[in-house]
Participant: 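Okay, here's the structure, questions in a sec.
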Amino acid sequence: MSAQPLAQPLAEAAASVASPAHPLAQQLGHPLAASAASLVQSVDWLAVAPPLIAAVVALGVLVADLFLPESRKNVLGWISIAGLAAAALMLLPLLDGDRATFCLTGNGTGTGAGPGPVTGAPRACSYAADHFTLVIQLLVLGGALLAALLSITALDDDRRRVPSGEFWFLLLSATAGAALLPAARDLATLIVALEVASLPAFALVGIRHGDRRSAEAALKFFLSSVTATAVSLMGVSFVYASTGTLYLTQVAQRLPDTPGQLHTLAQTGVVLTLIGFAFKTAAVPFHFWVPDTYVGAPLPVAAYLSVVGKAVGFSGLILVTVVAFPSYADVWGPALAVLAALTMTVGNVGALRQQATRARSAVRLLAWSSVGQAGYLLVPIAAAGYAKDAQKAIGSTVAYALMYAAVNLGAFAVAAVVGRGRAGNRISDYRGLYATNPVTALLMAFFLLCLAGLPPGVIGLFAKVTVFSAAVGAGLGWLAVVMAVNVVIALFYYLQWTALLFRAPEGETVRHRIPAPLTAAIALAGVAGVALSGAPQLVLRFAATGLF
């Protein structure tokens, strides 16, 4: 018997029951109609534009790669740069106020539906374009743009082993996920964004064909990240089972009132979620993948991971601690303080032990240095667990991250210049750089002094002062002392490298020719560092402004 004769009367019956004129619907207060209406929302396309543009351009590059001849594949790089610039420019219209979309409607906890400026009480939304989101998205898109400029030259030099179409697609896809993550306001979106940012990064690390070191680095990165994701997912599932919601604001409201029989489950979920994000931030003892991954990856990918990858981990950690788990501050505050002390110490000691004549020692030192810098970034987040004004403490992390992003990308750009002439990219290869490339040497010295926190790198000094003040203000005097000791340790290897730039060169001097994209990347990083050093209040303002 055919189902066709039954389909029409069943559909008509369902429609009549859902109709407001039907007696049953009137008796129940139109539940079906109300439910259908609550599921229909408009999307604030302006709020979601930055990650959306990056994703659309990624798909466009992938399709264009099928039709472009090999001789014109370099066009894909410039299309990607234009897409990243357009995504960054879309942050400007969002500066007029906080916006949110994909919110609960109807009888939910939220106060209304639809996109637009957020007013009144906080709503339960999946996507929010607030101050915190815009600052991190600026960091992500700006960092990806500088990494893309580095990549154009690297792909031209290594065209036979790196497929350009796949490279640009993966870079843009990872950037789209990284730009989505700070806007995520529910745990499901947070995990999805984290994976969209991470999965393409595995392939980027191992994208060089026939490079055994690159494949090994990708495998280590993959295994550590998969472990972190599995732990995070288990933690999120426990939190959901305890609270019955995935929205960060609702999780924060319901966690303190968890029933007694679910209290242990909730505690376990919080701890596992924090452990998962600690992997992503490369906090000790979850840092083991960083040095080998940075050394094995193409240099632009290492630069991208050192800034954008770090921003992904720290923004996710901030969201789960300060927004979702404030009632467990007595758990994650002390834990992050200990992690911060261990991370900065292990990172700086590892950087101090690098031998100047070892192959790729320059990149390896920057990798260990990034671990040490991650420790500094953890200090204000730990302080937020103790401080009365948690947002001000988080502002110190954001301010430090902006400084670190600009100068660290500049250091990687100079490393790319030296690596073109000296494939080993040893620290000793930088000896006498001032004699052959004086402007490049001066900028490299400026970047290193910013990372060390010494004048004329004023922004580095001020960023460290904000982190110190966050620790002292929260009563973490012992952590401030540990940080002071580590700053002294870092001064030694940063100043040692800086002095090497101005020493007399040994043997025949090699002048490094700098292609236009590399010149642009170094210039942009230098301008950003000098501008911020000239007006450090631009960064310090984030430490005093509410982010959420």
Side-chain angles (χ1 to χ4, degrees), residues 131-132 135-136 139 182 274 277-278 281-284 310-311 313-323 325-326 328-345 347-348 370-407 450-454 457-490 532-533 536-548:
H131 190 191
F132 173 79
V135 173
I136 299 299
L139 192 158
L274 294 177
F277 278 97
T281 58
V284 173
K310 197 173 263 67
F314 277 96
S315 57
L317 186 62
I318 289 169
L319 288 174
V320 297
T321 52
V322 177
V323 180
F325 305 149
Y328 279 81
D330 58 335
V331 175
W332 55 259
L336 291 181
V338 173
L339 283 181
L342 289 174
T343 302
M344 65 177 74
T345 303
N348 285 316
S370 74
V371 175
Q373 300 287 345
Y376 303 147
L377 287 165
L378 281 171
V379 171
I381 306 177
Y386 296 86
K388 295 180 180 179
D389 189 356
Q391 292 193 24
K392 184 175 180 180
I394 294 304
S396 300
T397 290
V398 175
Y400 197 96
L402 286 172
M403 178 281 301
Y404 170 77
V407 299
C450 281
L451 290 171
L454 289 177
V458 177
I459 187 58
L461 174 63
F462 273 74
K464 281 185 168 58
V465 168
T466 61
V467 173
F468 269 114
S469 63
V472 174
L476 294 172
W478 67 271
L479 186 56
V481 171
V482 173
M483 183 177 174
V485 172
N486 276 278
V487 169
V488 173
I489 295 174
L532 292 175
S533 293
Q537 66 273 15
L538 294 176
V539 169
L540 296 180
R541 189 177 301 166
F542 292 118
T545 304
L547 291 174
F548 299 106

Participant: Do you know the tightest heavy-atom contact between Leu451 and Gln373?
Facilitator: O-NE2, 3.5 Å
Participant: For Ala384, check side chain to side chain contact (heavy atoms under 4.5 Å, CB included) against everything at least two apart and list the hits.
Facilitator: Val322, Trp332, Ala390, Ala393, Ile394
Participant: Does Gly372 offer a backbone N or O that forms a donor-acceptor pair with the side chain of Thr343 under 3.5 Å?
Facilitator: no
Participant: Can you name the nearest heavy-atom pair linking Leu377 to Ala401, along with the distance?
Facilitator: CD2-N, 3.7 Å
Participant: Please assess Leu532 against Val407 for the test side-chain contact (heavy atoms from CB on, under 4.5 Å), listing each intermediate value before the final yes or no.
Facilitator: CA-CA 11 Å; Leu532 292 175; Val407 299; over 6 Å; no
Participant: Using modelled atom types only, decide if a donor and an acceptor are shared between the side chain of Lys464 and the backbone of Leu454 within a distance under 3.5 Å.
Facilitator: no
Participant: Could you tell me which non-hydrogen atom of Thr466 sits nearest to which non-hydrogen atom of Ser396, and how far apart they are?
Facilitator: O-OG, 3.5 Å
Participant: Test Leu378 against Met344 for side-chain contact (heavy atoms from CB on, under 4.5 Å), laying out the working first.
Facilitator: CA-CA 9 Å; Leu378 281 171; Met344 65 177 74; over 6 Å; no
Participant: For Ile381, which of Thr281, Thr397, Leu339 qualifies under side-chain contact (heavy atoms from CB on, under 4.5 Å)?
Facilitator: Thr397
Participant: Which pairs count as side chain to side chain donor-acceptor pair (under 3.5 Å) when at least one residue sits in residues 473-489, sequence neighbours excluded?
Facilitator: Thr345-Asn486, Asn348-Asn486
Participant: Would you indicate whether the side-chain heavy atoms of Phe132 and Ile318 approach each other to under 4.5 Å?
Facilitator: yes
Participant: Kindly indicate, with the supporting measurements, whether the criterion side-chain contact (heavy atoms from CB on, under 4.5 Å) is fulfilled by Tyr404 and Cys450.
Facilitator: CA-CA 8 Å; Tyr404 170 77; Cys450 281; over 6 Å; no
Participant: Do Pro334 and Tyr386 have side-chain heavy atoms sitting under 4.5 Å apart?
Facilitator: yes
Participant: If every non-hydrogen atom of Val487 is compared with every non-hydrogen atom of Ala452, which pair is closest and at what distance?
Facilitator: CG1-O, 4.2 Å
Participant: Judged by atom type as modelled, is there a donor-acceptor pair below 3.5 Å linking the side chain of Ser315 to the main-chain atoms of Pro182?
Facilitator: no
Participant: Compare every heavy atom of Tyr376 with every heavy atom of Ala490, then report the nearest pair and how far apart it is.
Facilitator: CB-OH, 4.3 Å
